[in-house]
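Everything on this sheet refers to the single structure shown next.
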Amino acid sequence: MQDIRKALYVGSRSDGTLIQRPMSPHLQVYRYRLSMVLSISNRITGVVATAGAALGVFWLGAAAKGPKAYATARKVTGNPLGQLVLVGWLASVVYHTVGGIRHLIWDAGYRYDKEELNKDGPVAVGVTAGVSTVLAVALLAVAGCRRSKRAKAGKVS
Amino acid sequence: MNASVPHIEVMRSQLGRARGLGAGHSGVSHWWAERVSAASLLPLSTWFVVQMFRLGGADHAEVVKWGGKPVNATMLAALIITTFYHAQVGLQVIVDDYVHGKAHLPTRLLVKIGTSLMGLLGVFAVIKLVVRSGSGK
């Protein structure tokens with residue numbers, strides 16, 4: 001016995017044979033791995049994506065309520081801080097989607113070996129960064145264009 | 001103990017074995033619900049991102065006109081329902097993992113009620129948009 005604590009991890013099966021119970025994972029003694037950051041990130045981005053979806057519902061509710069409420073919502077989506085939140089939501093959704101696709105692939109029985117996991121991790125990060133950046137820039141540009149075009153035409157938003 | 005004496009090798013009732021649900025009492029339905037809703041969200045959220053390109057910076061009249069179209073309203077309602085269903089199922093796993101003791105049940109109920117209400121709010125907003133667009137306002 002290498003670790004004296006292992007004496008406490010002896011259990012018995014229902015048929016009576018003794019087995020060594022696994023130690024519970026102590027996060028602070030593990031060496032840093034990318035995969036563990038990506039794993040917890042999938043949960044965190046899931047929560048952030050839900051919060052963002054709630055904001056999206058409020059936006060839709062404002063549009064349903066009327067022009068006045070919608071104008072208030074646009075003050076939020078139009079200013080830089082609001083757009084930062086929107087970009088954060090977008091990035092979270094993109095990462096959660098990429099992570100979710102990886103989960104579906106694992107569930108189907110593929111890419112679940114140690115080497116494959118370690119190889120796919122950086123790819124997932126790269127895809128997330130790329131897709132998020134392209135979508136965020138393109139969406140902000142489209143929104144900005146439409147807004148300035150309307151301002152030129154002299155319409156009130 | 002005499003090995004020839006008949007004995008139960010597994011401490012588990014025959015009914016429990018037949019049900020095959022294990023200690024969780026509910027089988028794999030929750031796991032499947034999470035996966036199926038996730039897969040459904042792939043096309044729905046892709047559709048939403050594409051629509052955002054049409055809608056970015058739009059004014060109120062444009063949003064109402066967009067939301068009033070039957071296909072858009074259908075897709076939007078489907079997206080909202082699936083999103084908050086998936087959120088409910090996913091957040092429940094997080095609550096089960098990290099919230100223990102007395103706080104567990106209230107937190108779980110809170111997640112259930114919160115995500116359900118957000119979903120309902122979204123669906124009624126879609127209905128209101130359709131009505132608004134029909135009345136030409």
Side-chain angles (χ1 to χ4, degrees), chain A residues 13-16 40 42-44 46-47 49-71 73-74 77-78 83 86 90 93-94 96-97 99-101 103-104 107-108 131 135 138-151 155-157, chain B residues 1 7-12 31-32 34-35 37-39 41-42 45-46 48-49 52-64 66-67 76 79-80 83-84 86-88 90-91 93-94 97-98 111 114-115 117-133 137:
Chain A
R13 284 214 186 87
S14 54
D15 64 358
I40 191 63
N42 200 41
R43 282 201 162 174
I44 293 168
V47 175
T50 307
L55 290 178
V57 164
F58 287 135
W59 171 81
L60 204 64
K65 207 171 172 206
K68 228 172 157 188
Y70 186 73
R74 283 198 64 184
T77 57
Q83 293 191 331
L86 285 178
L90 178 78
V93 171
V94 170
H96 196 72
T97 305
I101 291 171
H103 267 281
L104 291 175
D107 294 338
V131 172
L135 281 180
L139 279 170
L140 288 179
V142 165
C145 274
R146 201 165 281 148
R147 212 167 286 201
S148 64
K149 212 185 260 172
R150 192 174 316 110
K155 267 207 280 180
V156 209
S157 62
Chain B
M1 204 183 271
H7 64 285
I8 300 168
E9 284 188 11
V10 182
M11 291 282 282
R12 201 169 167 196
W31 187 92
W32 271 111
E34 206 174 359
R35 266 65 185 179
S37 56
L41 277 172
L42 288 176
S45 37
T46 307
F48 184 69
V49 169
M52 279 304 107
F53 276 101
R54 288 176 53 185
L55 227 55
D59 62 12
H60 185 251
E62 287 168 332
V63 175
V64 171
W66 168 80
L76 204 51
L79 172 69
I80 290 165
T83 296
F84 287 101
H86 184 75
Q88 184 174 87
L91 289 175
V93 178
I94 297 178
D97 279 357
Y98 301 130
V111 163
T115 47
L117 284 181
M118 286 315 296
L120 271 180
L121 181 61
V123 169
F124 276 111
V126 172
I127 294 172
K128 183 85 188 288
L129 269 184
V130 173
V131 172
R132 194 174 263 285
S133 139
K137 273 186 181 173

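Letters go in sequence order (proteins before strands), and every chain restarts at 1.
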Between [X] and [Y], is any pair of side-chain heavy atoms under 4.5 Å apart?
{"X": "A/Arg150", "Y": "B/Glu62", "answer": "yes"}
{"X": "A/Tyr70", "Y": "B/Val64", "answer": "no"}
{"X": "B/Val63", "Y": "A/Trp59", "answer": "yes"}

For this session: Dump the intermediate steps for salt bridge (Lys or Arg N to Asp or Glu O under 4.0 Å) on A/Arg43 and B/Asp97, then the final yes or no.
Result: CA-CA 11 Å; A/Arg43 282 201 162 174; B/Asp97 279 357; 2.7 Å; yes
Exercise. Is it the side chain or the backbone of A/Lys149 that comes within 4.5 Å of chain B heavy atoms, both, or neither?
Worked result: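 Neither part; nothing is under 4.5 Å.
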Problem set entry | Interchain contact, A/Ala49 with chain B, by part (heavy-atom threshold 4.5 Å) | neither
Proximity breakdown for [X] and chain A, heavy-atom pairs closer than 4.5 Å:
{"X": "B/Phe124", "value": "neither"}
{"X": "B/Leu42", "value": "side chain"}
{"X": "B/Leu121", "value": "both"}
{"X": "B/Leu129", "value": "both"}
{"X": "B/Leu76", "value": "side chain"}

Exercise. Heavy-atom count around B/Trp31 CH2 within 6.0 Å, excluding the residue itself: above 12?
Worked result: yes
Exercise. Between the side chain of B/His60 and the main-chain N/O of A/Ala71, is any donor-acceptor distance below 3.5 Å?
Worked result: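 Here the side-chain-to-backbone pair does not exist.
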Exercise. Are the side chain of B/Arg132 and the backbone N or O of A/Ala64 linked by a donor-acceptor pair below 3.5 Å?
Worked result: yes
Heavy-atom pairs under 4.5 Å with chain B are the metric here; pick the option from [options] that has the most.
{"options": "A/Arg147, A/Arg13, A/Lys65, A/His96", "result": "A/Lys65"}
{"options": "A/Thr50, A/Leu60, A/Ile101", "result": "A/Leu60"}
{"options": "A/Cys145, A/Gly100, A/Gly66", "result": "A/Gly66"}

Problem set entry | Non-hydrogen atoms of A/Ala53 and B/Thr83 that approach each other most closely | CB-CG2, 3.9 Å
Exercise. Closest approach of B/Phe53 and A/Ala138, non-hydrogen atoms and distance?
Worked result: CE2-CB, 3.5 Å
Exercise. In Å, rounded to the nearest 0.5 Å, how long is the span from CG of A/Leu86 to CE of B/Met52?
Worked result: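 Rounded to the nearest 0.5 Å, the CG-CE separation comes to 10.0 Å.
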Problem set entry | Reported CG-to-CZ distance for the pair A/Leu104 and B/Arg35, which is rounded to 0.5 angstrom | 7.0 Å
Exercise. B/Ser37: what forms a side chain to side chain donor-acceptor pair (under 3.5 Å) with it, not counting sequence neighbours?
Worked result: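 Per chain and number, B/Ser37 pairs via side chain to side chain donor-acceptor pair (under 3.5 Å) with B/His86.
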